[in-house]
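Read the numbers this way: they start at 1 and go in the same order the structure lists the ligands and their atoms. Since the structure is predicted, the reported quantities are computational estimates derived from the model, not experimental observations. Note: hydrogens, waters and symmetry copies are ignored here, and every other heavy atom, side chains too, is used.
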Amino acid sequence: MTELNQQEIVELINKLRKERNAVILVHNYQLGEVQDIGDYVGDSLGLSIEARDVECDVIVFCGVRFMAETAKILSPDKTVLLPVAEAGCPMADMATADQLRKLKQQHPDAVVVAYVNSTAEVKTEVDICCTSANAAKIVASIPEDKEVIFLPDKNLGANVARDLGRKLLLWPGFCPSHMRISKEMINQRKEEFPEAVVIVHPECAPEVVEMADVSLSTGGMLKFAAETDAKQIIVGTELGIIHRLKKENPDKMFIPVSEQAICPNMKLIELHDVLNALENMETEIILTPEVIAKAKASIVKMIEIS
Ligand code: 13P
Ligand code: SF4
């Protein structure tokens with residue numbers, strides 16, 4: 001069989017997208033060519049809401065597994081496909097439901113807040129979810145006298161705790177890609193571009209976030225970039241976001257803090273995988289009705305408060 005070129009693959013995807021009544025949801029860290037075919041491109045919160053509200057039979061989720069699971073939990077009647085089954089999130093895998101159950105036994109009165117970067121099974125054990133866009137608001141909604149367990153991202157948790165002046169019981173998870181962004185790298189970029197503003201993701205270590213002008217979700221970064229008067233922006237997050245930042249703001253300069261801030265899992269899905277997903281309806285996200293029902297409550301609660 002002859003190899004298809006990129007345009008031919010996109011044409012086939014578009015044909016099948018119609019035939020299957022499918023929608024392609026894409027996270028901001030995906031490959032540029034995958035972002036370009038998305039019906040909706042966004043951050044975790046935006047993608048969750050879109051997955052819940054969009055009218056279609058099939059969702060092709062170009063992101064990582066926990067995101068596709070969230071889409072399935074919110075839209076159990078739709079077929080949700082993750083084009084590359086191995087696209088996971090190492091941070092999400094740093095917390096298991098068993099480990100959480102043990103911690104809850106030691107803190108029976110604590111409220112459990114889980115970053116959406118967690119497995120569906122973990123979500124069945126939590127009171128409320130959050131994303132990087134709403135973490136502070138979610139934690140602030142919990143009465144001050146309540147102990148809070150925050151998982152799995154110790155950095156996001158510590159950044160929220162500092163912003164709210166509140167003590168949280170932090171799980172020791174982290175994002176390996178954001179941990180590659182250091183204070184020294186920010187200092188170096190600031191020396192090179194003294195006029196630039198610095199935006200970072202709250203998955204970065206607290207000492208990195210403290211050096212930034214602002215810390216935002218990927219969706220928040222896109223909004224900030226569109227609204228700021230600054231012409232140079234130093235960006236401390238996964239490199240995939242640079243594609244959309246440049247595309248939507250051609251008059252501004254975006255400087256990645258580190259070329260090493262790459263999430264290998266976010267780069268697994270290529271255009272031919274999207275085509276394969278639509279052709280062969282794979283890989284389908286399957287969750288039991290019990291997991292869906294239990295996990296859904298914590299995500300719905302989050303969306304209500306957001
Ligand atoms: P947001 O896009 O929601 O900011 O989250 C980033 C992320 O962790 C994806 O893995
Ligand atoms: Fe997980 Fe970090 Fe990759 Fe996001 S960037 S999917 S948190 S490993």
When you check the space around atom 2 (Fe) of ligand 2, which protein N, O or S atoms turn up under 2.8 Å?
Cys175 SG

Taking only residues two or more places apart in sequence, or in another chain, which ones meet Glu50 in a salt bridge (Lys or Arg N to Asp or Glu O under 4.0 Å)?
none

Counting only heavy atoms not in Lys294, do more than 12 fall under 6.0 Å of its NZ?
no

Crowded around Lys231 NZ? As in, over 12 foreign heavy atoms under 6.0 Å?
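Check passes, neighbour count above 12.
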
Intermediate values then yes/no, salt bridge (Lys or Arg N to Asp or Glu O under 4.0 Å), Glu69 and Lys123:
CA-CA 10 Å; Glu69 285 182 349; Lys123 288 187 178 82; 5.5 Å; no

4.5 Å side-chain heavy-atom contact, [X] and [Y]:
X      : Y      : answer
Val113 : Asp127 : no
Ile242 : Val235 : yes
Cys56  : Lys78  : yes

Run the side-chain donor-acceptor check on residues 253-266: report pairs under 3.5 Å with partners two or more places apart or on a different chain.
| from | atom 1 | to | atom 2 | distance (Å) |
| --- | --- | --- | --- | --- |
| Ser258 | OG | Gln260 | N | 2.9 |
| Asn265 | OD1 | Gly88 | N | 3.1 |

Near ligand 1, at a heavy-atom separation below 4.0 Å: residues by chain and residue number:
His27, Tyr29, Asp43, Ser44, Met67, Tyr115, Asn117, Ser132, His201, Glu203, Ser217, Thr218, Met266

Does the pair Glu304 and Lys301 meet the rule for a salt bridge (Lys or Arg N to Asp or Glu O under 4.0 Å), with working shown?
CA-CA 5 Å; Glu304 274 167 10; Lys301 224 191 253 179; over 6 Å; no

